[in-house]
Amino acid sequence: MQGRVPEDLAVVVDAGGVIMVWSAGARRLLGHEPAETVGRPVTDLLTTDLPASTRRHVAEGRPWSGEVALRHRDGNRVVVRLRGTPLRDTEGRRLWLVTGTVPARPRAAPRPLPLWDLTLAQLPVPVAVYDRDARLVGANDIMTEVMGRSEEEMKGLTLWEIEPNPPFDTYDRLQREVLRTGEMIFHEEHDKAPGEVRPHAWSMFLSPLKDETGTVQGVSATVFDTTEQSWARRRLAVINEASLRIGSTLDVTRTAEEMAEVAVTAGFADFVTVDLLESVARGDEPGPLPPDTPVMLRRSAQRSVLEGCPESVVAPGGAIRYPVGTLPLRILAAERGARHRPGDPDLLEWLESSPARAETVSRYLIHSVMMVPLRARGVILGMVHFLRHRTPDAFSEDDLLLAEDIVARAAVSVDNARRFTRERRTALALQRSLLPERLPELAAMDIAYRYLPTGSGADIGGDWFDVIPLSGTRVALVVGDVVGHGIHASATMGRLRTAVRTLADVDLAPDELLTQLDDLVIRLDREEGPEVRGTEETPGQVGATCLYAVYDPVSRRCTLARAGHPPPALVTPDGGVRFLDLPAGPPLGLGGLPFEASEIQLEENSLLALYTDGLLEAPGHDIEAGAALLRQALSGPAGALEERCEQVLRTLLTGRPADDVVLMLARTAVLDAGQVRTWHLPPDPAAVARARKMAGEQLAEWGLTEAEFATELIVSELVTNALRYGGAPIELRLIRDATLICEVSDGSSTAPHLRRARVFDEGGRGLLLVAQLAERWGSRQTATGKTIWAEQPLPTGV
C-alpha cells in the first residue's frame, strides 16, 4: 500500500483459484482480513488479468513468477512480485503456494505541489476537507490552529470522534446533511474563550464536493471569524432599537424612562438610572455647570432586569447632589463617559461617600459601572449610570462607545421634550391667563366648569369659555374653539374672547354678535398671513367655532346662536336630556353666510351643558358615541354641579384628552316676582311725575328709601328721554338684585349718546346726570326698539 513499508505475502490457493490460507503479511500488505478473503476467488484481488505465460504455467502445473497488480482494501492499486509454487495436499490434490514482495523501485524525485494545493495550505481562512464518510482528509494550517490539533491527529476521524461535545456534534450533523442532500449549508456559531469579554462569532460554509458526474465525494468546510461584524450588527441593532423606542413622546420623564428600558431590555446593562439637572426636569433652559459648585440633579428614571433589584439609593423623583471634586462631577465636567470597577480608587471614593450606595454595590455584587453624561447641543442635561451585577462580563471599551452613542441619541430626544415642555407651559400659562380666573356671582344661574388642556402628545389648543354679566341681570354664556394649536392659537383665542366681551357689552343679539366676530376673524386672517405666523399655511387657516347664549332670568327666555359649534344639551327639571336643534351656522372666518338665532323658554332649574368637540371626540369613540355617553352622564340624578362635571368627565374621558376639553354646566334660576316691578307708561308728559311717584313707593316697599332721591332723578330723565326722542310703547322696570336696576324701554331704535352741553343749550344734560348718579349705564336694542338702563349700588346694610 502506498505509504507503507513492503512486507512478504503468503497465500495458499486451490486448483480452482479459491483462497484457502491468508497470511498476516497479506493482511498488512493489502488490508484484507482473513475472514474477508478465505473462500473467495483470488481473481477478485486482481486489477488486471494475469499475463498469458503465467496462465499457461498455472495450467501445466509448473512454477511461475511475475509482477501482478492487486487491489488494496481501500481501492488503491498495489503492484507485487509474485511466485507460484505447486503443492499437493495429503489427498494428492494440487495446491498453489503464492508468495510475493513489493518490488524495490528507484526513489523518484519529489514532485512539487500544485499551486492549487499550495493555495489551500496557505489560505488565511480555515479550510478542511472530509470524505464521503465525513472523515477528515486534510486541513490547512489555519484550521489546525482553530481546532487546536495537528492534521495527523485528526486525519481519518469524524468531528464527533475528534470532539464529542457541542458544537462539534452540530457540525458533524450538518456535514452529513450536506453529504446526503448535496446542498451547501451556512451556519453561524458564537463561543467565548476563558477570559474573553465578548464571544467570538464564526460563519461556516459547508459545501459539497462533486465529481464530473455530479456525485458527492466529500464536503469542504470554510470558516470565517466574523466577531467584528457580529459585534457591529449587535451595536447597530441596539442603536436601531434606541432610535425607534426613545423619544416616542414629548415628555421629559417618559423619554428618560425609554432610554433606561432600551439599555436593560437589549441586555446591555442590568441596572440603569437617568439623572437630569433640576432645570431640565422642569423644562427650563440649562446653563453651563458652575465651577467649584455642587450640582443638583433629579432621578428621572431607573430600570432593572429584576423586579426591585437592586434597590436604588434614590427613588425616582428624588434629588441627588454631586459634591465638588467627586467622580460624577468630574465626568460631567469632562463631558466624556467613563467605565470603572468597584475597586478603582476614583469610584471607591464616590461609593464610600454614601454608606447606602456602598452597601448596595456590595449586597448585589455590582462589578462594573459606566457613567455617561447626557449632553445635547453642547449643553449638559444630566448623567446616565449603567451597572452590571448579573452579567459576568465587565463593560468594555466597545460597550462605552455604544453607551455614548445611545445616550447621545437619547439626549436629543430629552432636549426636544424639554423644549416642548417649556413651550407648552408657556402656552398653557398664556391660555389660562386669557381664560376667566373665577366666575362672577350671578342671580340668573349657577355655573360650574372644567377646562382640560390636551395631553403631552400635542400643543395646547385654543378652546375657551366665558361668562359675561349683562344688563338687567341677564347673563351671556360663550364657548369657542380656535383652529390650530400652540401659542398662536392661544393668542387668537385671547383676541376673540376680548372681542366677544366688547361686543357683549354693546348688548348685541347673539346672531349679530357672531356676524361681527366673523368679520373680525376674516380681518385677522388677512392681516396675519403665513409670514406672520411663521408657517406655510394659506389664508383661511385662522378660524374658530363659537356658541353664544343669552339668558334672561326675568322672562326665562334663552337666545342662542352658533357658528359651526356642537349644539348644547338641555336637561329639564324632570331629568330629560336632549340636544337643542339650533341652526348650525358656518365656522367663523368663512364669511358671506348668515347666522340665525333661536329662542327657547327654560323652566327654573333647567341645566344647560356647553362643551367643545374635544369632549365628544375622545380616543376610543366617535362623535356619535360621545354624544350618547354625554346624554347618559347628564341623565343621572341631579346633584351639585361640581359633582355633575366630574361625572361627565369620568364617563367620556378614559385618559388624557387628545384635544382641549371645555365643559360648562349652567343651572337656570328665576328672579322672584317681588324683585321685579314693571309699569307701562302712556306717551304723555304727565307720565314723568307719575313714574317718579311709583318708583319712590316701590323703593319704600323694598326698604331702599336711601336710594329714593337718586332713583327718582334717573327715572325722570330716562322717561323724559323716551317721551321726547322715542315713542310708544314706553315701559319702566325696576329690578332689585345685587344692585338696583332702572330700565326704560321705548319704541325707537335710536341709541342715545353722552355729550357735554354748551352754556346756552337747553338740553343735553340728562344722560350726563344719569351717568353721575349711576354706577353703570347703557342701552341695548330690543325687538321693538331699545332699552336704556342704569345700575346703582344698594345702600349700605341692605
Side-chain angles (χ1 to χ4, degrees), residues 431-453 462-482 490 493-510 513-514 517 544-563 565-571 580 582 597 600 602 604-612 614-615 634 640-642 644-646 648-649 660-671 735 737-739 741 776 778 780 789 791:
Q431 188 178 46
R432 290 195 180 279
S433 68
L434 297 175
L435 293 174
E437 292 186 9
R438 60 181 180 274
L439 298 181
E441 295 183 3
L442 303 170
M445 54 180 55
D446 295 327
I447 296 178
Y449 70 92
R450 291 291 185 274
Y451 166 71
L452 297 178
D463 292 16
W464 92 92
F465 67 97
D466 209 346
V467 179
I468 307 172
L470 301 177
S471 62
T473 68
R474 296 170 306 128
V475 61
L477 304 177
V478 190
V479 174
D481 186 358
V482 174
S490 297
M493 176 270 288
R495 299 171 75 173
L496 294 183
R497 177 173 178 254
T498 302
V500 170
R501 277 191 161 265
T502 302
L503 296 173
D505 201 41
V506 182
D507 238 326
L508 293 179
L513 183 143
L514 292 181
L517 201 61
T545 65
C546 184
L547 171 67
Y548 186 79
V550 176
Y551 174 67
D552 186 349
V554 177
S555 64
R556 294 187 289 112
R557 288 195 295 267
C558 183
T559 306
L560 308 94
R562 63 187 181 119
H565 201 81
L570 172 64
V571 183
L580 298 181
L582 306 179
I600 59 173
L602 297 179
E604 187 175 5
N605 291 325
S606 296
L607 184 67
L608 278 175
L610 286 69
Y611 51 89
T612 56
L615 180 68
L634 293 174
L641 290 183
E642 295 292 338
R644 184 65 69 90
C645 282
E646 293 297 328
V648 171
L649 295 183
D660 285 9
V661 171
V662 169
L663 171 66
M664 183 163 58
L665 300 182
R667 180 171 289 147
T668 61
V670 176
L671 288 186
I735 302 174
D737 188 40
T739 60
I741 304 171
R776 295 174 59 235
R780 64 176 182 269
W789 53 269
E791 290 185 5

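Put simply, the side chain of Val475 does not reach to within 4.5 Å of the side chain of Pro440, judged on heavy atoms. No side-chain heavy atom of Tyr551 sits less than 4.5 Å from a side-chain heavy atom of Arg557. Counting heavy atoms from C-beta on, the side chains of Ile600 and Leu560 come closer than 4.5 Å. At a threshold of 4.5 Å between non-hydrogen side-chain atoms, the residues Leu641 and Ile447 do not count as touching. In this structure, the side chains of Leu663 and Phe465 stay at 4.5 Å or more apart for every pair of heavy atoms. Contact of the Pro436 side chain with the Val467 side chain is not registered, since no non-hydrogen atoms from C-beta on lie closer than 4.5 Å. Between Thr739 and Ile741, the closest side-chain pair of non-hydrogen atoms falls below 4.5 Å. Within the 4.5 Å cutoff, no side-chain heavy atoms of Val662 are placed close to those of Asp481.
Among residues two or more places apart in sequence or in another chain, the side chain to side chain donor-acceptor pair (under 3.5 Å) test is passed with Arg497 by Asp466. Residues passing the side chain to side chain donor-acceptor pair (under 3.5 Å) test with Arg667, sequence neighbours excluded: none. Partners of Ser555 according to the side chain to side chain donor-acceptor pair (under 3.5 Å) rule, which considers only residues two or more places apart in sequence or in another chain, are Asp552. For Glu646, the side-chain contact (heavy atoms from CB on, under 4.5 Å) test picks out Arg450, Arg650, with sequence neighbours left out. Evaluation of the side chain to side chain donor-acceptor pair (under 3.5 Å) rule for Ser606 yields no partner, not counting sequence neighbours. Scanning for side-chain contact (heavy atoms from CB on, under 4.5 Å) contacts around Ala504 gives Ile468, Leu470, Leu513, Tyr548, with sequence neighbours left out.
Looking at every heavy atom in both residues, Leu665 comes nearest to Cys645 through CD1-SG, 3.7 Å. When every heavy atom of Pro553 is checked against every heavy atom of Arg474, the shortest pair comes out as CD-CA, 4.0 Å. For the pair Arg562 and Leu582, the tightest heavy-atom approach, listed with the atom from each and the gap, is NH2-O, 3.1 Å. Nearest heavy atom pair, residue Val550 against residue Pro510, reads CG2-CG, 4.1 Å. Minimum interatomic distance between Ser471 and Arg780 (heavy atoms only, all atoms of both residues): OG-NH1, 2.6 Å. The nearest pair of heavy atoms linking Pro566 to Tyr611 is CB-CE1, 3.5 Å.
Summarising the geometry, atom OG1 belonging to Thr473 is positioned 10.5 Å from atom CE belonging to Met445; distances are rounded to the nearest 0.5 Å. Separation of atoms CE (Met664) and CG (Leu439) is listed at 8.0 Å; rounding is to 0.5 Å. How far CG of Leu477 is from OH of Tyr449: 14.0 Å, rounded to the nearest 0.5 Å. One distance of note links CG of Leu607 with CG of Leu570; it measures 8.0 Å at 0.5 Å rounding. Atom CG of Leu610 is separated from atom CG of Leu547 by 5.0 Å, given to the nearest 0.5 angstrom.
For Asp463 and Thr612, the side-chain atoms include at least one donor-acceptor pair closer than 3.5 Å.
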Next on the checklist: Pair Cys558, Thr668 - check side chain to side chain contact (heavy atoms under 4.5 Å, CB included), show working.
Outcome noted: CA-CA 10 Å; Cys558 183; Thr668 61; over 6 Å; no
